[in-house]
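Protein chains get the first letters and strands the later ones, always in sequence-line order, with residue 1 at the start of each. No experiment lies behind these values; they were computed from the predicted model shown.
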There are 2 protein chains.
Amino acid sequence: MSIYVEKNRRTKRLIQDSFLQMLENKPFEAITIGDIAKRAKINRGTFYLHYKDKFDLLEQIEQKLFADLGTHIDQLQSRYTATLTFEEEQERLAVTFFSFIERQSPVLKILLSDHGRAGFHLRFRDAFAEKVRLNLEKNKDFNAKLKVPLEYFLSFITSAFLGLIEQWLQDGLDQTPQEMTALYIDIISFIRDGNGA
Amino acid sequence: MSIYVEKNRRTKRLIQDSFLQMLENKPFEAITIGDIAKRAKINRGTFYLHYKDKFDLLEQIEQKLFADLGTHIDQLQSRYTATLTFEEEQERLAVTFFSFIERQSPVLKILLSDHGRAGFHLRFRDAFAEKVRLNLEKNKDFNAKLKVPLEYFLSFITSAFLGLIEQWLQDGLDQTPQEMTALYIDIISFIRDGNGA
DNA sequence: TACAATTTTGAACAGGCTGTTCAGTTTTAC
DNA sequence: GTAAAACTGAACAGCCTGTTCAAAATTGTA
């Protein structure tokens, strides 16, 4: 039984890999089940033993990604238990995010591009926003000082973050997560101290 | 001849309207040419007299939108010729953007949602970024003070902006463009003066 | 090794959508 | 009224989908 699951997983992984490789060259809509099967060297019918359809396949890939985001953050966040200032904690969260992106960059590069599926950036941003919200709620001062609706602030800051990520991925991950965090902080500082764009 | 074009445009508009209406309920991938033709009450073959395929249709809608963004900004920006401070000019650009979004909200709501086509938010953001870049280049101090690559700053700020827009559209345009601009400025101020998130 | 359970294969099938063709009809402008 | 332009209806080959089923291959276990 245990190995059957192994085998089951192996074929699923084969399908997912072929699919993702194919997405690098072709947009989602243009890829057929036949294409995937051919590249994975399996029978077309076998695909349907594992997935309902193309959308189900992508959905499962997305879900795996979101699950990984959760565990990755929990791992890194719980590593240091020292009390940090609000700013330090935000910085630590930023590094955690960027290192997650680096780790999942092959998949994210595709899912966020125009070869992926519409709305992925919204779903991804929401997953992000949820983590940020939890972090912000720890700080009691925050909500008192914030005058705009929290939802708007979250959309603003997580979208900005996602913007950096997209640029980063587009530039071929030419920086480390630490450098990206520094860059993020520089921009915040620039807005704070420099010209108010 | 002139009216032929008229008629030609009328059918195209009929197709576009039916298509956009349909996109409110069904995702792009699920819509067939037959569906569009049926709703537009035209022959399926007529569709192909105007568009190459479904993608061509959406592309033309997008292009019209981007063209409108250009004219809309040029109009509003050239209205007042008084000399403004950098901050005042940024604010004016923000109002212009938000009023454009309001004007094109029916289409944008769909194109930015998961019913649209993958990558639209990137294309839209790029169009935005181009306008912001032109505005920023006027200010000589800006590039001197900015220490991070301009591309990253642009991605950051335009994505943040787009985040506000998405939230705004999602909330059913419950605020005026002026109120959204105030909200935008409040968030910037909050980052500047309040807690450094 | 032999066996049984599980998984995969190959082939076939109906059904739907695509994009094109073409002769005939309708609409439009002058 | 006429000629050009636009649209219609019907048909078509081609491709992809999702399902079925018996046969074959793979796997773990006795």
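Taking atom CG of residue A/L49 and atom C1' of nucleotide D/dG18, one finds them 12 Å apart after rounding to whole Å. Atom CD1 of A/I33 is separated from atom P of C/dT8 by 16 Å (rounded to the nearest Å). The CD1 atom of A/I36 sits 14 Å away from the C1' atom of D/dG18 (whole-angstrom rounding). In this structure, CG of B/L57 is placed 12 Å from P of C/dT18, rounded to the nearest angstrom. Residue B/R10 contributes atom CZ, which lies 13 Å from atom P of D/dA6 at whole-angstrom precision. Protein atom NZ of A/K38 is 16 Å distant from nucleotide atom C1' of C/dG10, rounded to whole Å. If you measure from atom NZ of A/K52 to atom P of D/dT17, you get 13 Å, rounded to the nearest angstrom. Regarding B/I42, its CD1 atom lies at a distance of 20 Å from the P atom of D/dA5, rounded to whole Å.
For B/T32, the listed nucleotide lying nearest its side chain is C/dT18; candidates were D/dG18, D/dC7, C/dT18. Of all nucleotides listed (D/dT17, D/dT27, C/dT20), C/dT20 comes nearest to the side chain of B/Y48.
Taking the six-membered ring where the residue is Trp, the centroids of B/F142 and B/F153 are separated by under 6.0 Å.
In this structure, A/K147 forms no cation-pi arrangement with B/F190, as its terminal cationic atom is not both closer than 6.0 Å to the ring centre and no more than 45° off the ring axis.
Inter-residue side-chain proximity for A/L183 and A/W168 is flagged as unmet; no heavy-atom pair is nearer than 4.5 Å.
Here A/N43 does not reach the OP1 or OP2 of C/dT8: none of its side-chain N or O atoms lies under 4.0 Å away. Residue A/T11 places at least one side-chain N or O under 4.0 Å from the OP1 or OP2 atom of C/dT8. Contact annotation: B/H50 reaches the phosphate of D/dC7 (side-chain N/O to OP1 or OP2, under 4.0 Å).
For the pair B/L169 and B/K109, the tightest heavy-atom approach, listed with the atom from each and the gap, is O-CE, 3.4 Å.
Residue A/R44 is the one, among B/G45 and A/R44, whose nearest nucleotide of DNA chain C lies closer to the 5' end (criterion: closest heavy atom).
Cluster membership check: B/L146 shares its hydrophobic cluster with B/Y152, using side-chain heavy-atom separations under 4.5 Å among Ile, Leu, Val, Met, Phe, Trp and Tyr.
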